[in-house]
Amino acid sequence: MVKLVAALERLLVSYGPRGWWPLPSLAGTPGRDANGYALGPSLPVGPGGGAIDRSLRFEIAVGAVLAQNTAWSGAERAVAAVAEAGALSPSPMLALPAGELEDLIKPAGTFRIKAGYLRGLASAWTELDEGVPTRGELLALPGIGFETADCVLLYAYGEPTFVADAYARRLLSRLGHAIDGRSYEGARRYAEDLLPLEAPYLAEAHALIVEHCKLRCRARPLCDGCPLATDCDVHAKAN
DNA sequence: CGCCAGGCAACAC
DNA sequence: GTGTTGCATGGC
């Protein structure tokens with residue numbers, strides 16, 4: 001079995017910091033880097049790296065919904081289109097005619113459903129965002145499930161949360177951790193018992209896990225050259 | 001062409 | 001509570 005902290009360390013060395021969460025509406029604007037993070041005196045300020053203001057929190061929540069079961073490239077274009085239309089805040093979003101929001105977010109797929117989710121999010125957001133929302137409050141919104149709620153808590157509010165998505169569960173399982181059959185919440189608590197409960201760490205961990213699982217630890221794993229291959233069970237069996 | 005992508009809700013059992 | 005299905009565009 002590969003220890004989770006050791007695996008994450010190797011992923012960080014191999015891939016470098018991923019810099020999630022990207023903020024497409026701000027990327028490339030003055031004072032922002034390619035991910036939309038504010039350029040500070042030393043380190044970039046952004047999700048996991050500093051205070052996140054009100055408008056960015058909403059953008060992150062919108063992005064999290066639009067990214068569901070969709071390549072990030074599509075979600076990113078959809079967020080940018082909403083921003084371009086001036087609708088990347090609750091009131092303007094709610095003021096859009098019914099079909100227009102759908103048209104704006106088409107690149108993200110499942111656009112009729114997601115438009116309804118975004119309306120529900122926009123309706124509840126201002127009150128919800130007065131403080132740090134609880135997981136239960138987020139889960140009560142339409143279209144916000146376990147993974148989306150945790151992404152919002154982690155990347156928008158800096159709450160230390162492990163995003164136990166399908167990638168993370170696949171990786172943990174392949175590294176020899178006995179999480180088969182565990183629910184999302186079971187896997188989340190399992191991982192949180194193994195890791196430092198600090199938002200920047202968990203934010204980078206999630207991003208690295210997604211990167212690694214897209215590049216190598218796919219449904220059909222590409223173990224050749226994998227940074228975790230030396231003592232990963234899957235690699236041992238496949239070779 | 002088929003398969004998958006930062007999932008979720010509704011429904012079946 | 002676990003399993004299955006619809007949703008829909010875009011990249012490879």
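To find a chain, count down the sequence lines: A is the first, B the second, and so on, and within it residues start at 1.
- Using a 4.0 Å heavy-atom criterion, one finds that A:Thr148 contacts the sugar-phosphate atoms exclusively.
- Put simply, A:Trp20 rests on the base of B:dG6: the two rings are less than 5.5 Å apart at their centres and nearly parallel, under 30°.
- Taking atom P on both nucleotides, C:dA8 is separated from B:dA10 by 14 Å, rounded to a whole Å.
- At whole-Å resolution of the value, CD1 in A:Ile105 and P in C:dA8 are 9 Å apart.
- In this structure, A:Glu192 does not pair ionically with A:Arg189, as no charged nitrogen and carboxylate oxygen lie closer than 4.0 Å.
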What's touching nucleotides 9-13 of chain B from the protein side, N or O pairs under 3.5 Å?
| unit_1 | atom_1 | unit_2 | atom_2 | d |
| --- | --- | --- | --- | --- |
| B:dA9 | OP1 | A:Gly143 | N | 2.9 |

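- Following rounding to the nearest Å, A:Phe162 (CZ) and B:dG6 (C1') show an atom-to-atom distance of 13 Å.
- Contact check, A:Arg112 against C:dA8: a side-chain N or O comes under 4.0 Å of OP1 or OP2.
- Judged by ring centres under 5.5 Å apart and planes tilted less than 30 degrees, A:Trp72 stacks against the six-membered base ring of B:dG6.
- Judged by distance alone, the side chain of A:Gln68 and the main-chain N or O of A:Gly143 form a donor-acceptor pair under 3.5 Å.
- Put simply, the side chain of A:His177 gets close to the backbone of A:Val2: a donor and an acceptor are under 3.5 Å apart.
- Distance A:Asp165 CG to B:dC8 C1': 14 Å, rounded to the nearest Å.
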Between the protein and nucleotides 10-12 of chain C, which nitrogen or oxygen pairs are less than 3.5 angstrom apart?
| unit_1 | atom_1 | unit_2 | atom_2 | d |
| --- | --- | --- | --- | --- |
| C:dG10 | O3' | A:Arg77 | NH2 | 3.3 |

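- Taking atom CG on A:Asn69 and atom C1' on B:dG7, their separation rounds to 6 Å, with Å as the unit.
- Under a 3.5 Å cut-off, the side chain of A:Arg57 and the backbone N or O of A:Ile52 do form a donor-acceptor pair.
- Residue A:Lys214 is in base contact, counting any heavy-atom pair closer than 4.0 Å across all strands shown.
- In this pair, A:Trp21 and A:Trp72 present their aromatic rings perpendicular. The plane angle is above 60°, beyond the 30 to 60° band.
- Counting to the nearest Å, the P atom of B:dA5 and the CD atom of A:Glu211 are 13 Å from each other.
- Counting only N and O atoms by type, the side chains of A:Ser14 and A:Arg216 include no donor and acceptor under 3.5 Å apart.
- Ring geometry, A:Tyr184 versus A:Phe146: the interplanar angle falls under 30°, so the pair is classed parallel (tilted spans 30 to 60°).
- Taking atom CD of A:Glu76 as the reference point, atom P of B:dA5 lies 18 Å away to the nearest angstrom.
- With hydrogens and angles disregarded, no donor-acceptor distance shorter than 3.5 Å links the side chain of A:Thr29 to the backbone of A:Arg32.
- As a whole-Å value, the separation of A:Leu66 CG from B:dG6 C1' is 12 Å.
- Going from the C1' atom of B:dG6 to that of C:dG3 covers 23 Å, rounded to whole Å.
- A distance-only check finds no donor-acceptor pair linking the side chain of A:Tyr37 to the backbone of A:Leu26 [under 3.5 Å].
- A:Arg135 places no side-chain N or O within 3.5 Å of a backbone atom of A:Ala149 that could act as its donor or acceptor partner.
- Distance A:Ile113 CD1 to C:dT5 C1': 11 Å, rounded to the nearest Å.
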